[in-house]
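Shown next, in structure tokens, is the structure this report addresses.
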Amino acid sequence: MSAATEARRELEVLQPELEALYARLWATPELPMLEFRSSAALADWLQAEGFAVDRGAGGLPTAFVATKGQGGPLIGLLAEYDALPGLANAAVPARVRLAERAGHACGHNHIGPNAAVAAAAAARALAALGIEARIVCFGTPAEEILYGKIALQEAGVFAGTDVLLANHGDYQSGALSRPCQAVCLGEFRFTAPGAHAGFGGAPNPLIGLELMVQTMERLHGNRFADCSILHVVRQGGVMPGVVPSETLLFLSIKHRESFQRTLDVWRELVRLAEASAAQAGVAVEAIYLSGSRGYLANDTLADVLRAQLETLGPPVYDASALAWMRELADATGASGFTLPEGFAHHQEGCDAYGQDDGDLSWRIPLARVNWALPLEVPLHHWAMTALSGYAGYHPGPIMAATALAMTAATLAEQPDLIRRAEAERRQRASGADLTTPPVGLREVLCRTPEAYWAAIYP
Ligand SMILES: [Zn+2]
């Protein structure tokens, strides 16, 4: 029996536990760097499966590294488990807010368990067949702020890893081998002593922030036309009668090719913030958070993944699940319902999102499996939180977990595939500047993540 077939069989045995972990993580949505229950759920489960678990890896309290097996190649699976602020919703096909602070609107309640359970299934299969390899599940927090993998990379946690496997819900089922965008994230804190607004004329940090946004938006179509710049006001004041002592502008800068360009634009925005603050008569502080390159495609690994997927076939949904998803699509206000069927193994073009495993893919060959979502259910939207909590939607994530287990087992059985993937990575990355991205706010995010999310950190 091939290692892939054995891993598939083991995954089937573990499927009830996989689905229980989906539900468990969905029910305890946690903000980036606050994923204490979610990371413990996965780390405990892996430990019970015989993995040696290092908790708090790289100095990140909600990270872990779980390892099983000896010798051979080191095959890593990337687990994510953070949720998104403000997007809690019941697992029903309608907008029903919950009191939770966060919701699994990016489906990381599937991604984390998929990586963990696929790692376990592959490790079981390899042990049964006497194949040497180290299977490692990397518990990587704070993907939504592109933080965990970059901070873990800086701490050397991925050293010695031969290959990495990732998974995500997307708008196609298949193996992904194309770039996404380079991104950097940071925020600007405008400050002044504060005052009773009734006196008038007091320096106002909100005016500094607004001047910056106006100028930035004008320049966006001009000097920054090659970038996508998005912003939110995390702290804008509490009532008109109070001049705030502090405002916070959080922004992301994306570019289709160049991470360096996002850093250069960030530096230009720092100068713009200083000019805006000076005009408003307030102070400003630039706080860089994190950033990542986009994916470096790897066709060798995508081909291995694709072969497993073709064996498995695409996910199949029953009529009641399709009706539920159609109702959810209607509730978003979209017209129509399209759930992509079959496989689309994307190798051309560029995706619009940024991911923190993008940066890893330039240093370690990386493959990603996707399962399809309905086109009318946007990621980072309450409807995605609802879908992520619905058991009828499990066939997609389960297909991805099975493909991950089969791919990990195949790579261990045929290590020459890893050597070819590494040769491809080296060739594609040759000549590229691989400077490690800077990581900011380590102290705040590791020690007082609550203060970060309350926007009251020092
Ligand atoms: Zn995500």
Side-chain angles (χ1 to χ4, degrees), residues 18-45 60-64 79-116 139-148 168-169 185 232-236 238 248 250 289 324-325 327-329 331-333 353 356 373-374 376-394 396-397 444-457:
L18 175 63
E19 294 191 76
L21 285 167
Y22 291 163
R24 184 162 166 198
L25 264 62
W26 188 87
T28 56
E30 296 169 298
L31 290 171
M33 295 303 283
L34 282 163
E35 315 95 327
F36 292 98
R37 289 175 298 179
S38 304
S39 64
L42 297 177
D44 290 350
W45 187 87
L60 271 60
T62 55
F64 65 84
E80 296 165 3
Y81 30 78
D82 55 333
L84 281 155
L87 291 173
N89 201 83
V92 297
R95 177 58 164 146
V96 177
R97 286 183 177 81
L98 296 180
E100 302 279 352
R101 302 164 75 187
H104 274 294
C106 204
H108 294 189
N109 64 306
H110 296 120
I111 294 173
N114 275 356
T140 67
E143 195 286 323
E144 297 297 352
I145 53 171
L146 301 182
Y147 198 81
H168 213 294
L185 291 171
V232 290
V233 177
R234 284 223 298 150
Q235 183 85 274
V238 283
L248 269 179
F250 187 15
L289 178 58
W324 192 100
M325 289 190 258
E327 196 180 335
L328 178 66
T332 67
Y353 54 76
D356 65 357
L373 314 170
E376 296 77 12
V377 177
L379 286 157
H380 294 204
H381 185 280
W382 63 261
M384 186 60 199
T385 304
L387 183 61
S388 298
Y390 172 55
Y393 157 74
H394 287 177
V444 170
L445 283 168
C446 290
R447 288 178 188 240
T448 56
E450 282 284 2
Y452 173 79
W453 286 108
I456 51 166
Y457 63 92

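Under the rule for a side-chain hydrogen bond (donor to acceptor under 3.5 Å, both in side chains), the partners of Trp45 that lie at least two apart in sequence or sit in another chain are Glu17. Among residues two or more places apart in sequence or in another chain, the ring-ring contact (aromatic ring centres under 6.0 Å, His included) test is passed with Tyr353 by none. Under the side-chain hydrogen bond (donor to acceptor under 3.5 Å, both in side chains) criterion, Ser388 pairs with no residue at all, not counting sequence neighbours. Scored by the side-chain contact (heavy atoms from CB on, under 4.5 Å) test, Pro397 finds Tyr22, His110, Asn114, Trp371, Tyr393 as partners (sequence neighbours excluded). A search for ring-ring contact (aromatic ring centres under 6.0 Å, His included) contacts involving Phe250 returns nothing, not counting sequence neighbours. Applying the salt bridge (Lys or Arg N to Asp or Glu O under 4.0 Å) test to Arg97 and every residue at least two apart in sequence or in another chain returns nothing. A search for salt bridge (Lys or Arg N to Asp or Glu O under 4.0 Å) contacts involving Arg95 returns nothing, not counting sequence neighbours. Residues that satisfy the side-chain hydrogen bond (donor to acceptor under 3.5 Å, both in side chains) test with Tyr457, not counting sequence neighbours, are Glu187. Not counting sequence neighbours, Phe64 has no partner by the ring-ring contact (aromatic ring centres under 6.0 Å, His included) test. Shown here are the ring-ring contact (aromatic ring centres under 6.0 Å, His included) partners of Trp453, two or more places apart in sequence or in another chain: there are none.
Under the 4.5 Å side-chain criterion, counting only non-hydrogen atoms from C-beta, Trp324 is in contact with Leu387. Between His394 and Leu18, every side-chain heavy-atom pair lies at or beyond the 4.5 Å cut-off. In this structure the side chain of His168 reaches within 4.5 angstrom of the side chain of Cys106, judged on heavy atoms. The shortest distance between side-chain heavy atoms of Ser39 and Pro141 does not fall below 4.5 Å.
The closest donor-acceptor contact from the side chain of Thr62 to the backbone of Phe36 lies at 3.5 Å or more, if one exists at all. A donor-acceptor pair is defined here as one N or O able to donate and one able to accept, closer than 3.5 Å; such a pair exists between the side chain of Thr332 and the backbone of Ala329. The backbone N or O of Ala94 lies less than 3.5 Å from a partner atom in the side chain of Asn89, making a donor-acceptor pair. Without hydrogens or angle criteria, Glu30 side chain to Arg37 main chain gives a donor-acceptor distance under 3.5 Å.
For residues 99-108, the set of pairs meeting the salt bridge (Lys or Arg N to Asp or Glu O under 4.0 Å) definition, not counting sequence neighbours, comprises Arg101-Glu450. Counting only residues at least two apart or on different chains, the side chain to side chain donor-acceptor pair (under 3.5 Å) pairs with a member in residues 139-148 are His108-Glu144, Thr140-Lys149, Glu144-His380.
The CG atom of Leu84 sits 7.5 Å away from the OG1 atom of Thr385 when rounded to the nearest 0.5 Å. Atom CG of residue Leu248 and atom CD of residue Gln235 lie 6.0 Å apart, to the nearest 0.5 angstrom. To the nearest 0.5 Å, atoms CG (Leu98) and CH2 (Trp382) are separated by 12.0 Å.
Across every non-hydrogen atom of Leu21 and Ala41, the tightest pair is CD2-O, 4.3 Å. What you find for Leu379 and Gly169 is that their closest heavy atoms are CD1-O, 4.0 Å. Minimum heavy-atom separation, Ala102 to Leu31: CB-CD2, 3.8 Å. In terms of heavy atoms, Glu80 sits closest to Asp356 at OE2-OD1, 4.4 Å. Closest non-hydrogen pair, Ala116 versus Leu42, comes out as CB-CD2, 4.2 Å. Counting all heavy atoms, side chain and backbone alike, Tyr81 lies closest to Gly139 at OH-C, 3.0 Å.
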Open item on the list: Between Leu445 and Ile145, does the side chain to side chain contact (heavy atoms under 4.5 Å, CB included) criterion hold? Intermediate values first, please.
Closed with: CA-CA 11 Å; Leu445 283 168; Ile145 53 171; 4.2 Å; yes
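More than 12 non-hydrogen atoms from other residues, nucleotides or ligands lie less than 6.0 angstrom from CZ of Arg234.
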